[in-house]
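Notes to accompany the following structure.
Residue numbers begin at 1 in each chain, while the letters A, B, ... track the order of the sequences. The structure displayed is predicted, hence computed values, not measured ones.
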Protein chains: 2
Amino acid sequence: MIKTSDEKYLRAIYQVSTSEKIDKTTISELAYYLDLKPPTVLERLKILKAEKLITYTKTNGIALTKTGYKEALNVIRKHRVWETFLVKVCKFGWNEVHELAEQLQNINSEKLIDRIFTLSGEPKFDPHGDPIPDKAGVLPTSQRRPLLNSVSGCKCLVLGVNEDSAEFLNYLTELKIGLNDKLYVEKIFSFDGSVKIKYKNTYSAVLSSKVAEQILITCTKAGCGCKNK
Amino acid sequence: MIKTSDEKYLRAIYQVSTSEKIDKTTISELAYYLDLKPPTVLERLKILKAEKLITYTKTNGIALTKTGYKEALNVIRKHRVWETFLVKVCKFGWNEVHELAEQLQNINSEKLIDRIFTLSGEPKFDPHGDPIPDKAGVLPTSQRRPLLNSVSGCKCLVLGVNEDSAEFLNYLTELKIGLNDKLYVEKIFSFDGSVKIKYKNTYSAVLSSKVAEQILITCTKAGCGCKNK
DNA sequence: TAAATTAATTAGGTACACCTAATTTTGTGT
DNA sequence: ACACAAAATTAGGTGTACCTAATTAATTTA
Ligand SMILES: [Mn+2]
Ligand SMILES: [Mn+2]
Ligand SMILES: [Mn+2]
Ligand SMILES: [Mn+2]
């Protein structure tokens, strides 16, 4: 049986290893993500390895085994289903749910998750646009890419964010940018890569490249020539 | 700040000390209720005492202080609100929710409990008929007493049960006895105190005194002479 | 009231999830 | 190739929540 503590690590390993900017999943990356010290993480990894949930070699770093991946996706499912429930049913803001979902994700009842999932309208994506795996561990697909790689004149739809942090989401909320909003890319400043956008008729903003990198969009203008990925 | 572990003990102390059949709340009673050994409980009680959440003297046993009582009722509230949500909104059976609510009761978010409470229809009583304290810690009242103390000819309404255990609730469910059902007391066998009831037009059953003791009812027949309490 | 029983307490563990400091291994730049 | 920096590992803690076995105190019961 997989323990609460295992779940935390498996989710972290999944998140770190699917993150764009990290090539190899190392102990120090994991420790940073989990806000723990490397020896603590190493100790637990040895157990996960013994449980055959991960493999770990110096050359390839940390990777999930088939079983480990299955378990990781199950935790991801629980986390994202709870987040969706909190936003859709309980009317929380998308910036308020991540930490709470981290508590709720280790409640141990498949039946409960099923009911919460139904109550939330059987969602395919969570409030941050992240795909929710089905019970078999299959992720729905969507072609999303960072707003950063757009060209001026592009018309986009916001499909998600790369960051869950309340800090970042608060910022977007302040700018009145949310999931499924339409953005018009007015200009890209090649100097620093910042992006000027217009949206919701009256709003406009200049987003730093750091912010534009975190906003995931899909281009809705046919053949606009924006570089995908 | 009150910890998860404190909450568990405070709820237990409340439950044991309000239980009819236990006169003094002792370490061994608590240990039995919590399924722990006495030294473990004693150790924790020392901390709770230092935190001024309980008082403990050999003569009076364990008692909650004002603060401790406040906290205990808050956990009780969370537990019972979750149970109600699980039954009313998630369509669980009343026999399936206690253990799950024990996990959920330590989720730390007042806002979440408020939303769950609203979604459940702002209930005053949980699925077992137990009163849900309001946010100020005030319990709604209802005059309930064991079915055991009835007289033949009595007409009763089931308002609750003394036992949460799945085992007991399964038994009642099998007999088709549930909350708010009307029972007609046909006969009391003075030999062993068992109670013959008729209900739902077609059903009838003989309940042992042990069972009748756990079913809480209110008498709906005026002046039927049944001994209250 | 003395003996027997039961409850409370003390003493001294284990397992787990974390830590710091020290050492060893690995990777990089010149 | 060598020196330096970064990452991994080892060694040896801490605090918390539990345990058993032994002792002491309090209650019953004879
Ligand atoms: Mn999240
Ligand atoms: Mn999310
Ligand atoms: Mn309960
Ligand atoms: Mn209940």
Spacing between A:Arg44 atom CZ and C:dA15 atom P, to the nearest angstrom: 15 Å
Within-4.5 Å side-chain heavy-atom neighbours: A:Leu86 and A:Leu104: yes
Rounded interatomic separation in angstrom, taking CG from A:Leu36 and C1' from D:dA8: 16 Å
Non-hydrogen side-chain atoms of B:Gln105 and B:Arg77 separated by less than 4.5 Å: no
Interatomic distance where CD1 belongs to A:Ile47 and C1' belongs to C:dC16 [whole Å]: 8 Å
Sugar-phosphate only, base, or nothing, as touched by A:Ile27 at under 4.0 Å among non-hydrogen atoms: sugar-phosphate
From C:dC18, D:dC18, C:dT9, nucleotide with atom closest to B:Leu42 side chain: C:dT9
Touch class at under 4.0 angstrom, heavy-atom based, for A:Lys46 against every strand present: sugar-phosphate
Atom-to-atom span, OH of A:Tyr33 to P of D:dA7 - whole angstrom: 20 Å
Contact nearer the 5' end of DNA chain D, comparing B:Lys24 with B:Pro39: B:Pro39
Whole-Å gap separating P (D:dT10) and CD (A:Glu43): 12 Å
Note: A:Lys135-A:Asp114 ion pair, threshold 4.0 Å (strictly below): yes
Value in whole Å for how far the C1' atom of D:dA7 lies from CG of A:Leu30: 13 Å
For atom OH of B:Tyr32 and atom P of C:dA7, their distance in whole Å: 13 Å
B:Glu29 CD to C:dA7 C1', straight-line distance once rounded to whole Å: 11 Å
Lys/Arg N to Asp/Glu carboxylate O, B:Glu29 vs B:Lys24, below 4.0 Å: no
Interface residues of residues 48-65 of chain A with DNA chain C (non-hydrogen, below 4.0 angstrom): A:Lys58
Candidates D:dC18, C:dA17, C:dT10 - which lies nearest the side chain of B:Lys8: D:dC18
Nearest-neighbour nucleotide for the B:Lys37 side chain, D:dC18, D:dC19, C:dA17 considered: D:dC19
Heavy-atom side-chain contact between A:Arg80 and A:Pro127 under 4.5 Å: no
Ring geometry between B:His128 and B:Trp94 (parallel below 30°, tilted from 30 to 60°, perpendicular above 60°): parallel
Sugar-phosphate, base or nothing in reach of A:Thr40, heavy atoms under 4.0 Å: base
